[in-house]
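When a residue number appears, it is its place in the shown sequence, counting from 1.
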Amino acid sequence: LGISNSSYSKILNFNQDAKSVSSYFSGIVAFDDINYSSSLKFLKSFSESEDVNINFSSKFLQSLVNLEKYNEAYQYSKKLEKKNLSNFESNLVLGLFEFKRNNYSKAKFYFEKLDLNYEHGLILDPLKISLKNWSDIGISKNEKSIELIKAMPPQYGTFKIVQEAFAHCHLDTQIAEKEFNKIIKNEKNAFYRYNFFFADFLIEKEKYKEAQNIANLTSKKFPRNLLINQFAENLKNKSKNRNDFSCKKAEHIVAEIFYAFANALATQQNYKLSNFYISLSKYLNPNFLSYNALVAENFIMLGKYEEAKKI
């Protein structure tokens with residue numbers, strides 16, 4: 001009878017392992033097919049397994065974030081941390097969770113753990129530097145902290161200039177307006193997106209006429225830009241802006257930094273990873289509805305037309 005029970009136990013364990021492995025591979029296949037709901041369904045049944053590896057936990061967390069299940073992503077990341085199985089995505093999720101709650105020292109602790117990762121390698125260095133810098137800016141709340149951004153490597157040119165303007169805006173320095181002007185007058189780079197943020201800044205300063213002029217001029221010059229066109233229309237009709245942004249909120253600025261990474265990844269045709277980063281933008285600033293445009297564009301490029309229609 002003991003032998004029989006032992007054999008039955010082994011068969012049961014084998015069947016459970018086979019089912020677990022099947023769920024794992026089904027989840028990975030669904031993830032690669034951009035079917036995040038199915039990938040989550042299959043991967044969830046494997047998530048309690050002792051055989052969880054970095055590749056699995058990475059895909060599982062990306063699925064949760066892409067489905068905007070941010071609290072579940074946080075809870076799973078904490079679970080990985082307790083098991084000493086943290087990875088790039090889990091440290092990023094935990095760091096952003098603390099950052100959004102203004103716990104900048106804790107956020108920096110997690111951001112410093114972001115190690116070289118093949119999938120995120122293209123943007124790792126500027127991402128890590130930016131997140132640490134904005135954590136320090138949040139901690140110090142001092143104009144001197146802008147020097148951290150100025151010290152970024154020169155190859156980050158455009159990216160660096162934009163962050164400098166946001167930092168001056170965030171800290172409400174006397175030259176914030178001058179820094180924004182420096183960006184929008186630069187004809188060499190496609191900075192027209194940031195005309196929206198400059199106009200928004202002017203509205204916060206109650207400079208409505210100047211904001212209206214910038215919005216109208218940009219709208220005429222770039223008639224296909226939805227962000228600025230919607231903004232100009234809202235100002236004209238005195239209706240509510242559908243893209244809520246305030247550079248007083250550091251999480252809104254970091255959301256825009258993540259958008260820049262997502263957009264860069266999309267231009268490299270890495271639409272899957274682009275969606276992950278734009279989903280993090282939406283976590284940091286859920287009321288900036290224009291982020292959905294990039295998600296929809298990515299789905300279209302991936303041939304997922306039904307998913308694009310849902311956005």
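Of the charged side-chain nitrogens involved, at least one lies within less than 4.0 Å of a carboxylate oxygen, so that Lys310 and Glu307 count as a salt-bridged pair. Between Glu177 and Lys207 there is a salt bridge, since at least one side-chain N of the basic residue sits less than 4.0 Å from a carboxylate O of the acidic one.
Among residues two or more places apart in sequence or in another chain, the salt bridge (Lys or Arg N to Asp or Glu O under 4.0 Å) test is passed with Glu233 by none. Partners of Gln212 according to the side-chain contact (heavy atoms from CB on, under 4.5 Å) rule, which considers only residues two or more places apart in sequence or in another chain, are Asn216, Leu235. With sequence neighbours excluded, no residue forms a salt bridge (Lys or Arg N to Asp or Glu O under 4.0 Å) with Lys132. For Lys141, there are no salt bridge (Lys or Arg N to Asp or Glu O under 4.0 Å) partners two or more places apart in sequence or in a different chain.
The aromatic rings of Phe159 and Tyr156 sit perpendicular to each other, their planes meeting at more than 60°, with 30° as the lower class boundary.
Residues Ile139 and Tyr110 are members of one and the same hydrophobic cluster, defined by side-chain heavy-atom contacts under 4.5 angstrom among Ile, Leu, Val, Met, Phe, Trp and Tyr. By the criterion of side-chain heavy atoms lying less than 4.5 angstrom apart, applied directly or through intervening Ile, Leu, Val, Met, Phe, Trp or Tyr residues, Leu85 is grouped together with Phe60 in one hydrophobic cluster. Note on Tyr194: it does not cluster hydrophobically with Leu289, by side-chain heavy-atom contacts below 4.5 Å among ILVMFWY residues. Neither Ile300 nor Ile278 shares a network with the other; the hydrophobic side chains, linked directly or stepwise wherever heavy atoms of I, L, V, M, F, W or Y lie under 4.5 Å apart, form separate groups for each. In the hydrophobic clustering of ILVMFWY residues, with side-chain heavy atoms under 4.5 Å counting as a link, Ile129 and Leu124 come out together.
Annotation: the span from Leu284 atom CG to Ser279 atom OG amounts to 11.0 Å, rounded to 0.5 Å. A distance of 11.5 Å separates CD in Gln62 from CG in Leu67, rounded to the nearest 0.5 Å. Annotation: the span from Lys59 atom NZ to Phe276 atom CZ amounts to 10.5 Å, rounded to 0.5 Å. Going from atom OG1 of Thr218 over to atom CD1 of Ile214 covers 7.0 Å, rounded to the nearest 0.5 Å. Taking CG from Asn195 and CG from Leu217, the interatomic distance works out to 9.0 Å, rounded to the nearest 0.5 Å. The NE2 atom of His252 sits 13.0 Å away from atom CD1 of Ile257, with the distance rounded to the nearest 0.5 Å.
A 4.5 Å side-chain heavy-atom check between Ser145 and Leu171 finds at least one atom pair inside the cut-off. Within the 4.5 Å cutoff, side-chain heavy atoms of Leu114 are placed close to those of Leu131. Tyr277 has its side chain within reach of His120: a pair of non-hydrogen atoms, C-beta onward, lies under 4.5 Å apart. With a 4.5 Å cut-off on side-chain heavy atoms, Ile149 and Trp134 count as touching. Side chains of His170 and Ile137 form a contact here, defined as non-hydrogen atoms less than 4.5 Å apart.
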| Does the pair Phe196 and Phe288 meet the rule for a ring-ring contact (aromatic ring centres under 6.0 Å, His included), with working shown? | CA-CA 12 Å; Phe196 165 83; Phe288 200 88; 5.8 Å; yes
Criterion side chain to side chain contact (heavy atoms under 4.5 Å, CB included) on Ile253 and Cys169, from CA distance to verdict: CA-CA 10 Å; Ile253 294 172; Cys169 180; 6.0 Å; no
Practice prompt. Kindly determine whether Glu147 and Lys144 satisfy salt bridge (Lys or Arg N to Asp or Glu O under 4.0 Å), including the steps that lead there.
Written response: CA-CA 6 Å; Glu147 293 300 319; Lys144 289 182 180 178; over 6 Å; no
For the pair Leu80 and Leu61, evaluate side chain to side chain contact (heavy atoms under 4.5 Å, CB included) and give the outcome as yes or no after the intermediate values.
CA-CA 11 Å; Leu80 290 176; Leu61 279 169; 4.1 Å; yes
- prompt: How far apart are the C-alpha atoms of Leu294 and Tyr259, what are their side-chain angles, what is the distance that settles it, and do they pass the side chain to side chain contact (heavy atoms under 4.5 Å, CB included) test?
  reply: CA-CA 9 Å; Leu294 182 57; Tyr259 171 84; 3.9 Å; yes
Practice task
Could you walk me through whether Asp115 and Phe88 pass the side chain to side chain contact (heavy atoms under 4.5 Å, CB included) test, one step at a time?
Solution key: CA-CA 7 Å; Asp115 293 325; Phe88 182 94; over 6 Å; no
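Asn243 places a side-chain N or O within donor-acceptor distance of the main-chain N or O of Ser290, the cut-off being under 3.5 Å. The closest donor-acceptor contact from the side chain of Ser281 to the backbone of Ala255 lies under 3.5 Å. Counting only distance, with no hydrogens or angles, the side chain of Ser274 and the backbone of Asn270 share no donor-acceptor pair below 3.5 Å.
Here the two rings, on Phe245 and Phe166, have centers that are under 6.0 Å apart. Remark: aromatic rings of Phe109 and Tyr104 are distant, center separation not under 6.0 Å. With ring centers used as reference points, Phe299 lies 6.0 Å or more from Tyr305. Taking the six-membered ring wherever Trp is involved, the centroid distance between the rings of Phe197 and Phe180 does not fall below 6.0 Å.
Using modelled atom types and a 3.5 Å distance limit, the side chains of Asn66 and Lys272 yield no donor-acceptor pair. With hydrogens and angles left out, the side-chain atoms of His168 and Thr173 include a donor and acceptor closer than 3.5 Å. Checking Ser90 against Asn87 by side-chain atom types alone, a donor-acceptor pair falls below 3.5 Å. For Tyr70 and Gln75, the side-chain atoms include no donor-acceptor pair closer than 3.5 Å.
Within 6.0 Å of CD in Gln269 there are 12 or fewer heavy atoms belonging to other residues, nucleotides or ligands. The local environment of CD in Gln155 is crowded, with over 12 non-hydrogen atoms from other residues, nucleotides or ligands closer than 6.0 Å.
Applying the salt bridge (Lys or Arg N to Asp or Glu O under 4.0 Å) definition to pairs two or more places apart or across chains, those involving residues 241-266 are Arg193-Glu256. Within the structure, salt bridge (Lys or Arg N to Asp or Glu O under 4.0 Å) contacts touching residues 89-113 (residues at least two apart or in different chains) are Lys108-Asp136.
Shown here for Val65 and Val93, the closest heavy-atom pair between the two residues is CG2-CG2, 4.2 Å. Shortest non-hydrogen contact noted between Ala199 and Phe231 is CB-CE2, 3.3 Å. Contact detail for Val162 and Ile183: the closest heavy-atom pair is CA-CD1, 3.8 Å. Summarising the geometry of Ala215 relative to Ile228, their closest heavy-atom pair is O-CG1, 4.1 Å, with the distance given to 0.1 Å. A pairwise comparison of heavy atoms in Gln163 and Ser130 identifies NE2-OG, 2.9 Å as the closest pair. A pairwise comparison of heavy atoms in Lys128 and Phe111 identifies CE-O, 3.6 Å as the closest pair.
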